[in-house]
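Here's the structure, in structure tokens; my notes come after.
Predicted model only: the values in this text are computed from it and were never measured. The sequence lines fix the lettering, A, B, ..., with proteins before strands; numbering per chain opens at 1.
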Number of protein chains: 2
Amino acid sequence: MKRKITLKQIAKELDVSISTVSKSLKDSPEISEDTKLKIQAFARMYNYKPNNIALSLKNRKTKTIGIIIPEIVHHFFATVISGIEQVANENGYNVIICLSDESFDKEVINMEMLANGSIDGFIMSLSKETQLKADYHHITEAINQGMPVVMFDRVTNDILCDKVIIDDKKAAYDAVQDLIDKGMKKIALVSTVDYVSVGKLRTDGYEKALLDNDIPFNKNLIIKVEDMDHCGEAIEKLLLDRAIDAVFAVNELFAVIAIKAAHKMGLNVPEDLSVVAFTDGIISQFSTPTITTVSQDGIKMGRKAAAMLIDRLQKEEAEEEHEEHEEHYRTEVIETHLIKRDSTK
Amino acid sequence: MKRKITLKQIAKELDVSISTVSKSLKDSPEISEDTKLKIQAFARMYNYKPNNIALSLKNRKTKTIGIIIPEIVHHFFATVISGIEQVANENGYNVIICLSDESFDKEVINMEMLANGSIDGFIMSLSKETQLKADYHHITEAINQGMPVVMFDRVTNDILCDKVIIDDKKAAYDAVQDLIDKGMKKIALVSTVDYVSVGKLRTDGYEKALLDNDIPFNKNLIIKVEDMDHCGEAIEKLLLDRAIDAVFAVNELFAVIAIKAAHKMGLNVPEDLSVVAFTDGIISQFSTPTITTVSQDGIKMGRKAAAMLIDRLQKEEAEEEHEEHEEHYRTEVIETHLIKRDSTK
DNA sequence: TTTCAACACGAAAACGTTTGCGCGACCCTT
DNA sequence: AAGGGTCGCGCAAACGTTTTCGTGTTGAAA
């Protein structure tokens, strides 16, 4: 149980100064070969490694990225983390992850926690509650303190920063258009409540596709799921009442519930009902039938977000207080495409 | 773009010493009320928060837990993280996550990285490659340096430390026994290669259940999946050759593949073939039919692991170099139970 | 022998905290 | 008026680094 060795201890042991040890380990020409070799050997023997915390304090940077997301038991978010981690690793960064649990307060607490020197920059996706309250003071504050922020997926126009998103509206439009092309006319939408930005955008895309094809936009064909438990019932009711021929769901969970509801009523998918979902995850790949989805490449999204953040950090470092902060923020759009599987004809 | 304010800046601004500022903010009785109020007001105005890195350096502890897992795009591991994060948060800890990607080298690099002062302790699950090589020097080293380690799920007897696992053998035994109770005799096992500890244990449980019921243990009914792509074929072959009546899969992915294979051959689940799987995840809940599984409560596992680690950290802090390190390590076993769904009769 | 460069190393500041201790100023007691 | 006590504050060390700027010793050139 020997604690990690420090420069000071090596110095004392070898009867030289701390600076001599430090310089020797960096192979500085200031130090004689003899001394260097002796110190290096000693350090290697005791497996000396510089203390990260001390380095962070000295360099005023931690080489750590803070990630704040609503939840982690969620295929999409897990893939994004995976993407972030890849790029972070490639560039010598670590990631520290905080979960907001869809709570505004936790999001704020976590951000303030990390903002006090623990990290060099944020990558985040807004919690539902934050989007509902539209209170972004914690983010503004972080940015004002010079902490770069990259938002992904659930973003807001109220904050100026780098963002990486998918074109939710267009993707939804394309998915619905595909249904229409196949002859569907009565297309139901199963969505979340409106304050979640992506839900709103996907609804917009759905509506536009209908209108562009001269299909009346019928509010009765839209289910806004507030609470998971009644989702199935609502869909069954719609199937019963309206004789719809397709369902467009904003996530795969809603889609699989729709399929189960259809089965329960003796309808076959895709023969009697086509189903398309947003977010290509595990469920879509393994449900029966497999579900046609809009791909939403989390890995790519995460990689892009991390690349943007690290790019900014490095630029910052290069400028080094030149104060020429070119406040030019970018919004990257990740391509999506429709993955055709067995839930559509 | 004002950088975060420091004690030094406040001191200079108010023309007092740094210590006076620090003590005032801690409401020390050493300082007069007047001065304290003035300083506190000023600090609040500038939203002063102590720098975490400086605190970490001073206190020799970071209030951060390092997590090393093979991958994150995996329901089970995601739930474990979620559990860890809950308890960590409740106790004022942050979590920093590294992915080994099932690679030994990455596991080593990540551990060494974090061990240099970045964290107070580890929670980890071994990568496949590490288990294959059975090389645990990096873990021993961390422990020798006084860094507490808690291992979960994929553990090894070669390392002495706190562990939290499920009783893989017993859980497998129970699952197979349940099949036997229902009249199954020809039960196939779809497993991973043996060096993954849990795969081995689950196989043992399967074997014991058979033998205890006087059912011959037939190696030909076992499929060791090396490579995902041929998994389906192997199962189909078995279904064709052997007329098996049940499949016990060590994870839900193998189970769903078995079900698909069965369907493809015109067999119905559960009428013609029962399927039970380990690891209760998303797939089991949403596949058709839903799959009977052995629950493996990741949240609980994560919570337990975090609790054990934090407990040890606090004990360490209390002892404070009393050197009375009671090296008594515990292994906690998380309860499992069979969740009966539609893939079994 | 004096002078100066080169060499090898150490002292100290800095990053941002916390905290034990010392010290001056004041007031009260005798 | 001298002694003692209290109050209010600052100094400095410590955590573990890196790096700039000395500084003492040596050897060679003048």
Side-chain angles (χ1 to χ4, degrees), chain A residues 2-40 43 46-64 115-120 145-146 317 320-321, chain B residues 2-40 43 46-64 115-120 145-146 317 320-321:
Chain A
K2 35 180 186 167
R3 278 218 111 57
K4 281 201 81 73
I5 198 166
T6 67
L7 287 186
K8 190 193 279 195
Q9 293 169 40
I10 299 183
K12 195 197 223 171
E13 211 67 38
L14 263 48
D15 206 41
V16 292
S17 78
I18 296 182
S19 16
T20 305
V21 178
S22 177
K23 286 170 188 166
S24 296
L25 296 180
K26 300 198 109 62
D27 211 25
S28 155
E30 265 186 278
I31 310 295
S32 73
E33 282 305 317
D34 275 6
T35 316
K36 278 198 285 193
L37 286 175
K38 192 177 61 184
I39 292 179
Q40 285 165 4
Y46 280 91
N47 192 26
Y48 170 81
K49 296 277 170 48
N51 179 302
N52 285 331
I53 298 291
L55 286 181
S56 293
L57 184 59
K58 177 134 233 321
N59 300 331
R60 321 260 234 103
K61 66 184 169 197
T62 61
K63 281 283 191 177
T64 302
N116 295 325
S118 302
I119 59 162
D120 294 343
Q145 284 174 2
E317 185 172 8
E320 196 70 34
E321 287 309 324
Chain B
K2 31 171 193 181
R3 277 216 115 57
K4 280 200 82 72
I5 198 166
T6 68
L7 286 186
K8 191 193 277 197
Q9 293 170 39
I10 298 182
K12 195 197 222 169
E13 211 67 37
L14 262 47
D15 208 41
V16 291
S17 78
I18 295 182
S19 20
T20 303
V21 178
S22 177
K23 287 169 185 168
S24 296
L25 296 180
K26 298 198 111 60
D27 211 23
S28 155
E30 265 187 279
I31 309 296
S32 73
E33 284 305 317
D34 275 7
T35 316
K36 280 199 283 193
L37 287 175
K38 192 175 64 185
I39 293 179
Q40 285 165 4
Y46 280 91
N47 193 25
Y48 170 80
K49 295 276 169 50
N51 179 302
N52 287 330
I53 297 292
L55 286 181
S56 293
L57 183 58
K58 178 134 233 320
N59 301 331
R60 321 261 234 101
K61 66 184 171 196
T62 60
K63 282 285 191 174
T64 303
N116 295 325
S118 301
I119 60 163
D120 295 341
Q145 283 173 2
E317 185 172 8
E320 195 70 34
E321 288 309 324

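An end-to-end axis angle of 90° holds for the helix from dT1(C)-dA30(D) to dT30(C)-dA1(D), taken from five base pairs per end and rounded to 10°.
Closest to the Leu57(B) side chain, of the nucleotides dG22(D), dT18(C), dG16(D), is dG16(D). The nucleotide whose nearest atom lies closest to any side-chain atom of Arg60(A) is, among dT17(C), dG16(C), dA8(C), dG16(C). The side chain of Thr6(B) lies closest to dG16(C), out of dG16(C), dT17(D), dC15(C). Between dT18(C), dC9(D), dG16(C), one nucleotide has an atom nearer to the side chain of Ala54(B) than all others, and that is dG16(C).
In this structure, a donor-acceptor pair under 3.5 Å is present between the side chains of Ser32(A) and Thr35(A). For Lys4(B) and Asn116(A), the side-chain atoms include at least one donor-acceptor pair closer than 3.5 Å.
The phosphate of dT17(D) has OP1 or OP2 within less than 4.0 Å of a side-chain N or O from Tyr48(A). In this structure, Ser32(A) reaches the dC9(C) phosphate: one of its side-chain N or O atoms is under 4.0 Å from OP1 or OP2. For dC15(D), neither phosphate oxygen OP1 nor OP2 lies less than 4.0 angstrom from any side-chain nitrogen or oxygen of Lys58(A).
Taken to the nearest 0.5 Å, the CD1 atom of Ile53(B) stands 7.5 Å off from the CG atom of Leu57(A). One distance of note links CD1 of Ile31(B) with CG of Leu37(B); it measures 12.0 Å at 0.5 Å rounding. Taken to the nearest 0.5 Å, the NZ atom of Lys12(B) stands 14.0 Å off from the CG atom of Leu7(B).
Atom CD of Gln9(A) is separated from atom P of dC15(D) by 10 Å (rounded to the nearest Å). Nucleotide dT6(D) holds its C1' atom 15 Å from the CD1 atom of Ile31(B), rounded to whole Å. Atom CG in Leu7(A) sits about 14 Å away from atom C1' in dG10(C), given to the nearest Å. Note: NZ (Lys36(A)) to C1' (dC9(C)) measures 13 Å, nearest angstrom. Note: CG (Asn52(A)) to C1' (dC15(C)) measures 15 Å, nearest angstrom. Residue Asn51(B) contributes atom CG, which lies 17 Å from atom P of dG16(D) at whole-angstrom precision. In this structure, CD1 of Ile39(A) is placed 12 Å from C1' of dG10(C), rounded to the nearest angstrom. Spacing between atom NZ of Lys38(A) and atom P of dA8(C) amounts to 14 Å, rounded to whole angstrom units.
Using a 4.0 Å heavy-atom cutoff across all strands shown, Thr35(B) reaches sugar-phosphate atoms only and no base atom.
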query = Under the side chain to side chain contact (heavy atoms under 4.5 Å, CB included) criterion, do Leu14(A) and Ile39(A) qualify, and how do the steps go?
reply = CA-CA 8 Å; Leu14(A) 263 48; Ile39(A) 292 179; 3.7 Å; yes
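At least one side-chain heavy atom of Asn47(A) sits less than 4.5 Å from a side-chain heavy atom of Gln145(B).
Under the rule for a salt bridge (Lys or Arg N to Asp or Glu O under 4.0 Å), the partners of Lys23(B) that lie at least two apart in sequence or sit in another chain are Glu30(B).
Two residues, Glu30(B) and Pro50(A), neighbour DNA chain D, and the one matched to the more 5' nucleotide by heavy-atom proximity is Glu30(B).
When all heavy atoms of Ile5(A) and Tyr48(A) are compared, the pair lying nearest together is O-CD1, 3.5 Å.
Ion pairing of Asp27(A) with Lys36(A) is present here, as a side-chain N (NZ or NE/NH1/NH2) and a carboxylate O approach within less than 4.0 Å.
Proximity of residues 16-27 of chain A to DNA chain C (heavy atom under 4.0 angstrom from any strand atom) is restricted to Val16(A), Ser17(A), Ser19(A), Thr20(A), Lys23(A).
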